[in-house]
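First comes the structure, then the notes that go with it.
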Amino acid sequence: MSKHNLQNDYNQIPVPQAALQERIRQGMEQGKREQQIKRPKRLRRLVVSTAMAKVPLLGQMYRPFLEQENTGTAISQKQLATKIDQVASDNGIDIQVIDAYYDGATIGMNLTATGVPDVKAEARSGLYELFKGDKRFEGTETMELVQFKQVKGVWQGRIEYMLGETKLKDTIQIPVVLTDVFGVKGNWSFNVPVKRLPAVEQVYGTTVKNSIYQTEVTLDKLIQGKGSTSFDYTTRSPEKEWARVEMTLLDSSGKEIIHNWTKSTQSVKRTKSGTAAIEQSRLILGNYVIPKGSYLLQPSLSIDINTQPIPLTEPLPYRQQSETHPLEMTITSIETTPEQVVVEFSTKSSSSQSDMKLNISRSMRLLEGTEPPDGREIKPKVTVLDAGKQTFRATFRLPEPSEHTREEYYLETGYSNTVINTPLELQPIPFTVN
């Protein structure tokens with residue numbers, strides 16, 4: 001399975017219709033505030049995933065049409081999809097469901113569209129909802145966008161839905177309704193029959209623990225479909241520090257087979273038990289069926305912590321450190337003039353100085369107030385003072401001589417971003433596929 005330049009793919013994604021743009025903007029702003037635009041150190045090209053996950057309405061499924069990551073690609077190649085001949089028409093546009101599939105933990109269907117108006121690229125999509133009115137899916141995101149592309153003169157689109165905790169029968173009817181396609185509002189409704197392809201499930205219950213990070217990961221189950229492989233796993237971590245796990249599939253000798261470059265996997269269920277946060281997740285490798293043999297699943301742990309902006313009047317040195325992550329950051333001095341604010345800080349990090357500079361440049365901010373309502377935030381120029389001692393200087397140049405007092409400014413140190421972008425490798429989990 002090849003890795004992709006998702007940033008380039010993202011730049012080519014058609015922007016949803018005008019009716020959705022405001023919701024998307026609000027969602028991305030919410031994601032920016034809540035996640036502070038955390039950028040994975042090893043996966044910087046995937047920055048879009050964090051913000052888009054916060055978009056109301058779109059939820060987990062907003063992504064480019066990536067054939068290599070799509071379960072339906074393998075199903076189509078093996079000609080295993082159930083042929084469907086359902087057509088719905090409205091406002092001169094015909095939408096046809098040509099086939100559907102239920103493989104492992106993935107439901108999908110392929111669509112074609114005719115009578116399509118001549119529209120710009122940003123309108124070449126459709127808004128659809130699955131399982132409308134089904135109480136089993138209450139509280140979940142089942143309304144998404146399907147992207148259409150033209151192949152040999154035919155407009156084609158693919159819907160895929162990754163199943164979470166909800167259990168479905170092997171033979172089901174899937175209600176689908178599209179309400180906005182190619183910029184045209186209407187109603188295109190279907191009730192798609194689909195039968196689950198033969199799947200093999202193996203239960204493991206193998207756990208790796210790390211007492212220093214107070215985290216453990218359990219490989220619960222493998223679901224082997226005809227065009228996909230799914231792993232169910234459970235992460236237990238301290239309640240106040242949400243642990244995100246990134247998985248890499250290795251062969252028995254430790255050679256990488258597939259890296260879960262999507263960074264985070266679908267959360268099936270999150271609960272709390274005493275002082276621990278328990279998250280059940282599912283990793284679905286689309287278009288990949290794992291052969292029989294012995295393997296290792298390598299978890300990498302990213303710890304997500306909440307930090308608050310600090311006032312420039314905070315007594316120094318100001319030290320930030322997670323209870324479970326070894327990274328430490330200390331603000332040693334803050335100097336202010338009407339033209340600029342200069343912050344000197346040190347870190348204890350295994351990252352290179354270039355990576356550290358990049359993380360801090362993107363995530364350290366000078367704020368006018370704790371939550372500027374109109375984006376009044378200034379990014380710094382970061383220089384290395386002493387690479388060996390890991391000391392740095394961040395210079396914030398004010399757009400104009402400031403009349404604001406020192407007490408009105410706050411510093412977002414970027415520590416939480418740096419922590420989550422410094423993953424910690426846990427012990428590999430051995431397993432065998434029979």
Side-chain angles (χ1 to χ4, degrees), residues 25-41 44 47 50-51 53-54 240-242 244 302-325 327-349 351 353 355-385 390-422:
R25 185 194 65 78
Q26 293 173 356
M28 294 188 73
E29 286 301 312
Q30 177 186 349
K32 181 179 177 181
R33 289 193 299 270
E34 294 182 5
Q35 298 293 331
Q36 300 167 8
I37 315 184
K38 298 183 171 77
R39 295 164 170 84
K41 180 186 69 172
R44 296 187 194 100
V47 58
T50 300
K54 291 294 179 180
K240 56 186 174 182
E241 293 189 351
W242 182 16
R244 299 180 179 182
S302 292
I303 297 175
D304 191 359
I305 64 174
N306 290 322
T307 58
Q308 298 298 322
I310 65 170
L312 298 188
T313 55
E314 185 76 20
L316 300 177
Y318 181 83
R319 179 173 173 269
Q320 288 182 304
Q321 184 168 21
S322 157
E323 292 183 4
T324 55
H325 198 289
L327 178 68
E328 178 183 321
M329 184 174 183
T330 303
I331 305 297
T332 54
S333 73
I334 299 177
E335 295 183 0
T336 61
T337 70
E339 290 76 27
Q340 65 182 22
V341 174
V342 179
V343 177
E344 293 189 0
F345 61 96
S346 63
T347 67
K348 291 183 178 179
S349 171
S351 301
Q353 65 181 47
D355 279 344
M356 183 60 65
K357 280 181 60 178
L358 185 62
N359 280 334
I360 296 298
S361 297
R362 289 176 167 177
S363 58
M364 181 179 277
R365 293 172 174 81
L366 184 66
L367 312 175
E368 184 184 327
T370 54
E371 294 184 6
D374 56 0
R376 294 191 303 275
E377 58 182 34
I378 304 171
K379 295 183 179 180
K381 177 183 178 181
V382 178
T383 57
V384 179
L385 298 180
Q390 292 187 317
T391 57
F392 302 84
R393 175 183 291 134
T395 302
F396 300 88
R397 295 199 176 275
L398 304 180
E400 56 187 21
S402 176
E403 298 178 357
H404 297 282
T405 64
R406 181 185 177 99
E407 287 76 13
E408 293 181 72
Y409 284 103
Y410 291 79
L411 179 69
E412 169 54 60
T413 66
Y415 175 76
S416 60
N417 290 65
T418 307
V419 166
I420 201 169
N421 293 334
T422 310

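Just so it is clear, the structure is predicted and the values come from calculations on it, not from any experiment.
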Which value, rounded to the nearest 0.5 Å, describes the distance between [X] atom [atom1] and [Y] atom [atom2]?
X	Y	atom1	atom2	answer
Tyr410	Ile310	OH	CD1	11.0 Å
Ile334	Leu366	CD1	CG	9.0 Å
Arg393	Thr332	CZ	OG1	9.5 Å
Lys379	Ser361	NZ	OG	9.5 Å
Ile360	Thr418	CD1	OG1	4.0 Å
Tyr415	Tyr318	OH	OH	10.5 Å

Original post:
Which pair of non-hydrogen atoms, one from Val382 and one from Lys357, has the smallest distance, and what is that distance?
Top reply: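 Scanning both residues completely, I find the closest heavy atoms to be O-CE, 3.2 Å.
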Subject >> Distance-minimising heavy-atom pair for Pro380 and Ala394 >> reply: CB-CB, 3.8 Å
Original post:
Would you say Glu344 and Thr391 make side-chain contact, with heavy atoms under 4.5 Å?
Top reply: no
**OP:** Could you check if a side-chain atom of Ile378 sits within less than 4.5 angstrom of a side-chain atom of Glu368, using non-hydrogen atoms only?
**Re:**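 They are not in contact (no side-chain heavy atoms under 4.5 Å apart), so the answer is no.
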May I ask you to decide if [Y]'s main-chain N or O and [X]'s side chain share a donor-acceptor pair within less than 3.5 Å?
X	Y	value
His325	Ile305	no
Thr337	Glu339	yes
Thr313	Glu407	no

Original post:
Tell me the salt bridge (Lys or Arg N to Asp or Glu O under 4.0 Å) pairs involving residues 310-321, sequence neighbours left out?
Top reply: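 Listed once each, the pairs are Arg319-Glu328.
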Original post:
For Thr383 and Thr395, what are the C-alpha separation, side-chain angles and deciding distance, and is it a side chain to side chain contact (heavy atoms under 4.5 Å, CB included)?
Top reply: CA-CA 8 Å; Thr383 57; Thr395 302; 5.7 Å; no
**OP:** Let me know which of Thr422, Val419, Ile420, Leu327 forms a side chain to side chain contact (heavy atoms under 4.5 Å, CB included) with Ile303.
**Re:** Val419
Original post:
Testing Gln308, Arg365, Gln320 for side chain to side chain contact (heavy atoms under 4.5 Å, CB included) with Thr413, which one passes?
Top reply: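 Among the candidates, only Gln320 passes.
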Original post:
Passes side chain to side chain contact (heavy atoms under 4.5 Å, CB included), Leu411 versus Met364? Steps please.
Top reply: CA-CA 7 Å; Leu411 179 69; Met364 181 179 277; 4.0 Å; yes
**OP:** Output, in order, the C-alpha distance, side-chain angles, deciding distance and verdict of side chain to side chain contact (heavy atoms under 4.5 Å, CB included) for Tyr409 and Thr336.
**Re:** CA-CA 10 Å; Tyr409 284 103; Thr336 61; over 6 Å; no
